Amino acid sequence: MKKLKWLILHIEEIIAGTALAVMMCAIFYNVIMRYCFRSPTKWADELSMICLAWLTFMGAASAYKKNLHFGIDIILDKLPLRGRMLLRQVTNLVFVVLFGFVTYLGFNLYQNAVKVFNYTGWSYKIMDAALPLGFLSMTVYAVYFLAQSFRDKDAYQKRYESSYEEEMVDAELVKASEELFKRDEAEEGGEAK
């Protein structure tokens, strides 16, 4: 049961990691075949395209789940804690609607795919399925985070505030390294005299 739970909680990372590994192997194989044996494989490019789609959408879902997407927090930084919480809740509601709508559009794209790849003859559905599944995952997490914002405000707040703490650590490291550079320049200037 633990393994199944772990698998469900990390399915996006597993799919994205597998897609990345397969894509890298296919590209590497094709480079070797092209430049060493003068016999490129046409299916490798198509497989790489499919893997790129899965890597992109599942990777995006994984990053959203872990709050790793970049954001511009100028307005948030100026608001009090309650204001930040309310703005995040509104943003999560917008995400639920937006991700849900893109999931719907992606499912229509998948259903109506009739093209096939030139060399392998595989259906585009293999590649197009990545879009609705990736956005479905993001929709599920957006609903979960929105519910969490009302149910467990401390955990919800901690999810976002931990990002700020990391940024503060980064800012402190930058400031410390600047001070070291200034000190080194001052010492070099003193030696030159």
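What you see below is based on every heavy atom in this structure, not just the backbone, and it leaves out hydrogens, waters and symmetry mates. Quantities reported herein were computed from a predicted structural model and do not represent experimental measurements.
Here the CG-CD1 distance, from Leu87 to Ile75, works out to 7.0 Å after rounding to the nearest 0.5 Å. The CG atom of Leu76 sits 7.0 Å away from atom CZ of Arg84, with the distance rounded to the nearest 0.5 Å. Of the inter-residue distances, the one linking Lys153 atom NZ with Gln148 atom CD reads 12.0 Å to the nearest 0.5 angstrom. How far CE of Met127 is from CE of Met49: 4.5 Å, rounded to the nearest 0.5 Å. Distance check, rounded to the nearest 0.5 Å: NZ of Lys125 to CD1 of Ile50 gives 14.0 Å.
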Side-chain atoms of residues 3-16: list all donor-acceptor pairs with protein atoms under 3.5 Å, sequence neighbours left out, distances to 0.1 Å.
| unit_1 | atom_1 | unit_2 | atom_2 | d |
| --- | --- | --- | --- | --- |
| Trp6 | NE1 | His10 | ND1 | 3.3 |
| His10 | ND1 | Trp6 | O | 2.9 |
| Glu12 | OE1 | Lys65 | NZ | 2.9 |
| Glu12 | OE2 | Ser137 | OG | 2.5 |
| Glu13 | OE1 | Lys65 | NZ | 3.0 |
| Glu13 | OE2 | Ser62 | OG | 3.1 |
| Glu13 | OE2 | Lys65 | NZ | 3.1 |
| Glu13 | OE2 | Lys66 | NZ | 3.0 |

List the atom pairs, with distances to 0.1 Å, where a side-chain N or O of residues 51-60 and a protein N or O form a donor-acceptor pair under 3.5 Å, not counting sequence neighbours.
| unit_1 | atom_1 | unit_2 | atom_2 | d |
| --- | --- | --- | --- | --- |
| Trp54 | NE1 | Ile126 | O | 2.9 |
| Thr56 | OG1 | Leu52 | O | 2.7 |

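Closest approach of His69 to Ala63, counting heavy atoms only: NE2-CB, 3.5 Å. For the residue pair Ser48 and Met23, the shortest heavy atom distance occurs at O-SD, 3.7 Å. For the pair Gly134 and Ala61, the tightest heavy-atom approach, listed with the atom from each and the gap, is O-CB, 3.7 Å.
The list of side chain to side chain donor-acceptor pair (under 3.5 Å) pairs with a residue in residues 113-123, not counting sequence neighbours, reads Glu46-Thr120. Legend: salt bridge (Lys or Arg N to Asp or Glu O under 4.0 Å) pairs involving residues 21-43, not counting sequence neighbours: none detected. Counting only residues at least two apart or in different chains, side chain to side chain donor-acceptor pair (under 3.5 Å) contacts with residues 89-102 comprise Tyr64-Asn92, Gln89-Ser149, Asn92-Tyr156.
With sequence neighbours left out, the ring-ring contact (aromatic ring centres under 6.0 Å, His included) criterion links Tyr144 to no other residue. With sequence neighbours left out, Ala21 forms a side-chain contact (heavy atoms from CB on, under 4.5 Å) with no residue at all. Remark: Asn30 engages Thr41, Asp45 in a side chain to side chain donor-acceptor pair (under 3.5 Å) (not counting sequence neighbours). Looking at residues two or more places apart in sequence or on another chain, you find no ring-ring contact (aromatic ring centres under 6.0 Å, His included) involving Tyr110.
Through side-chain heavy atoms spaced under 4.5 Å, either directly or across other Ile, Leu, Val, Met, Phe, Trp or Tyr residues, Tyr104 is tied to Phe101, Leu105. With a 4.5 Å cut-off between side-chain heavy atoms of Ile, Leu, Val, Met, Phe, Trp and Tyr, the cluster of Leu81 takes in none. Phe150 forms part of a hydrophobic cluster together with Leu93, Val96, Val143, Leu146, judged by ILVMFWY side-chain heavy-atom separations under 4.5 Å.
Residue Met24 qualifies as open at atom CE: its count of foreign heavy atoms under 6.0 Å is 12 or below. Within 6.0 Å of atom CZ in Arg82, 12 or fewer heavy atoms from other residues, nucleotides or ligands are found, so the atom counts as exposed in its surroundings.
Annotation: side chain of Gln111 is not in contact with side chain of Asp128 (no heavy-atom distance under 4.5 Å). You'll find the side chain of Met33 stays beyond 4.5 Å of the side chain of Pro40, heavy atoms only.
Grouping the Ile, Leu, Val, Met, Phe, Trp and Tyr side chains by contacts below 4.5 angstrom, directly or via other members, places Phe135 with Tyr141. Hydrophobic clustering of Ile, Leu, Val, Met, Phe, Trp and Tyr side chains at less than 4.5 Å, counting indirect connections, unites Tyr29 with Val22. Val140 and Phe107 fall into different hydrophobic clusters, where Ile, Leu, Val, Met, Phe, Trp and Tyr residues are linked whenever their side-chain heavy atoms come under 4.5 Å apart, directly or through other members. In the hydrophobic clustering of this structure, Phe117 does not group with Val114; members are Ile, Leu, Val, Met, Phe, Trp, Tyr whose side-chain heavy atoms approach within less than 4.5 Å, directly or through other members. Cluster membership check: Leu47 does not share its hydrophobic cluster with Val31, using side-chain heavy-atom separations under 4.5 Å among Ile, Leu, Val, Met, Phe, Trp and Tyr.
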